[in-house]
Amino acid sequence: MTATLAEEFARGRMFFELKDYVGAARILAPVVAAEPGNVAARLLLARAYYHSAQLRGAEAELRAVIERAPTDEYAHLLLGRTLQRANRHAEAATYLRLHAVMTG
């Protein structure tokens with residue numbers, strides 16, 4: 001990640017911590033576009049989408065995180081919760097079970 005992208009990631013994290021989830025997503029989306037393999041940036045963007053009720057965006061980012069880091073138990077949990085919020089309970093159950101298995 002270049003210095004500029006790192007600065008933008010830090011700024012996005014700051015907006016997230018201030019609970020400005022829409023602002024955080026707006027800042028983080030270009031970071032993820034520039035560094036699609038950056039799992040940390042993708043996960044933070046997914047969380048910003050989730051907290052701002054942008055469920056399709058959250059789902060897409062979480063699926064990308066799981067594809068790149070299949071053992072990330074938090075990504076499975078958040079994808080399950082995202083699908084629950086979207087009233088897709090049967091799909092959610094799979095990811096919530098995976099999270100439970102991963103965390104014991």
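A58 and A46 make their closest contact through CB-O, 3.6 Å (heavy atoms, listed as atom of the first residue, atom of the second, distance). Of all heavy-atom pairs spanning A75 and I66, the tightest one is CB-CG1, 3.8 Å. Shown here for A41 and V31, the closest heavy-atom pair between the two residues is CB-CG1, 4.1 Å. Taking every heavy atom of both residues into account, A24 and A48 meet most closely at CB-CB, 4.1 Å.
Using a 4.5 Å heavy-atom cutoff, the side chains of T94 and H76 are not in contact. Within the 4.5 Å cutoff, the side chain of F9 has heavy atoms near those of the L44 side chain. Looking at heavy atoms from C-beta onward, L43 lies in side-chain contact with L62 at the 4.5 angstrom threshold. Side chains of V101 and R97 form no contact here, defined as non-hydrogen atoms less than 4.5 Å apart.
Within the structure, side-chain hydrogen bond (donor to acceptor under 3.5 Å, both in side chains) pairs that include any residue of residues 62-75 comprise E59-R63, R63-Y95 (at least two apart or interchain). Applying the side-chain hydrogen bond (donor to acceptor under 3.5 Å, both in side chains) definition to pairs two or more places apart or across chains, those involving residues 41-50 are R42-E61.
Side-chain contacts under 4.5 Å among hydrophobic residues (ILVMFWY), followed directly or transitively, place F15 together with M14, L18, I27.
Atom CG in L5 sits 12.0 Å away from atom CZ in R11 (nearest 0.5 Å). Separating the CG atom in D20 from the NE2 atom in H51 is a distance of 13.0 Å, to the nearest 0.5 Å. Atom OG1 of T82 is separated from atom CD of E91 by 11.5 Å, given to the nearest 0.5 angstrom.
Both L79 and V39 belong to a single network of hydrophobic side chains, linked directly or stepwise wherever heavy atoms of I, L, V, M, F, W or Y lie under 4.5 Å apart. The same ILVMFWY cluster, assembled from side-chain heavy atoms under 4.5 Å apart, contains both L96 and V65.
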